[in-house]
Participant: 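Quick one: structure below, then a few questions.
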Amino acid sequence: MNEDFSVELRLPKGCPNCGSHKVTVSQAQQPDDIVFCSSCNTEICDYQAAKKMLDEVPRSENEQLIEDVVNNRKPSSTEE
């Protein structure tokens, strides 16, 4: 049986090849795991760089909400 042990994330920067923001990474999410574009399978970066991008790259409120939902994170809004 061939099981898929990867997860999809959405990055703030699109793929340089096709522009898609959805990427695939190993479920283990080790710092040196390679992150691939979910659409065209282009190698994007390693997981450590992707995590840094998610934490540090500034983006619009709309982009942030989309990423929070896709990446299963709590919205980073300050409103209650």
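Computation of the quantities below employed the complete heavy-atom set of this structure, encompassing side-chain atoms and omitting hydrogens, waters and symmetry-equivalent molecules. Counting begins at 1 with the first residue of the sequence.
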Participant: Got a donor-acceptor contact below 3.5 angstrom from the Arg59 side chain to the Leu54 backbone?
Facilitator: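 Present.
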Participant: Is any side-chain N of the basic residue among Arg10 and Glu63 closer than 4.0 Å to the acidic one's carboxylate O?
Facilitator: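 Yes.
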Participant: How many angstroms lie between atom OG1 of Thr24 and atom CG of Asp33, to the nearest 0.5 angstrom?
Facilitator: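 It is 12.5 Å, given to the nearest 0.5 Å.
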Participant: Indicate, with yes or no, if Val25 and Met53 share a hydrophobic cluster defined by side-chain heavy-atom contacts under 4.5 Å among Ile, Leu, Val, Met, Phe, Trp and Tyr.
Facilitator: yes
Participant: What's the separation between atom CD in Glu8 and atom CG in Asn72, rounded to the nearest 0.5 Å?
Facilitator: 11.5 Å
Participant: Are Val70 and Leu65 co-members of a hydrophobic cluster defined by side-chain heavy atoms under 4.5 Å apart?
Facilitator: no
Participant: Find out if a path of hydrophobic residues (ILVMFWY) with successive side-chain heavy-atom gaps under 4.5 Å connects Phe36 to Leu11.
Facilitator: no
Participant: Considering all heavy atoms of both residues, which atom of Ser26 and which atom of Val7 are nearest to each other, and what is their separation?
Facilitator: O-CG2, 4.3 Å
Participant: Measuring from Ser38:OG to His21:NE2, what's the distance to the nearest 0.5 Å?
Facilitator: 12.5 Å
Participant: Output the distance between atom CG (Leu9) and atom CG (Asn71), rounded to the nearest 0.5 Å.
Facilitator: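 Between Leu9 CG and Asn71 CG, I get 5.0 Å after rounding to 0.5 Å.
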Participant: Are the side chains of Cys15 and Ile44 in touch, meaning some heavy atoms are under 4.5 Å apart?
Facilitator: yes
Participant: If you group Ile, Leu, Val, Met, Phe, Trp and Tyr by side-chain heavy-atom gaps below 4.5 Å, do Val57 and Ile66 land in one group?
Facilitator: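 They do not share one cluster, since no chain of ILVMFWY contacts under 4.5 Å joins Val57 to Ile66.
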Participant: Rounded at 0.5 Å granularity, tell me how far CD in Gln30 sits from CD in Gln48.
Facilitator: 11.0 Å
Participant: Heavy atoms only: give me the nearest Glu67-Pro12 pair and the separation to one decimal.
Facilitator: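 Of all heavy-atom pairs spanning Glu67 and Pro12, the closest is OE2-CA, 3.1 Å.
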Participant: Check Cys18 against Cys40 and note the closest heavy-atom contact, atom names and distance.
Facilitator: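 Of all heavy-atom pairs spanning Cys18 and Cys40, the closest is SG-SG, 3.8 Å.
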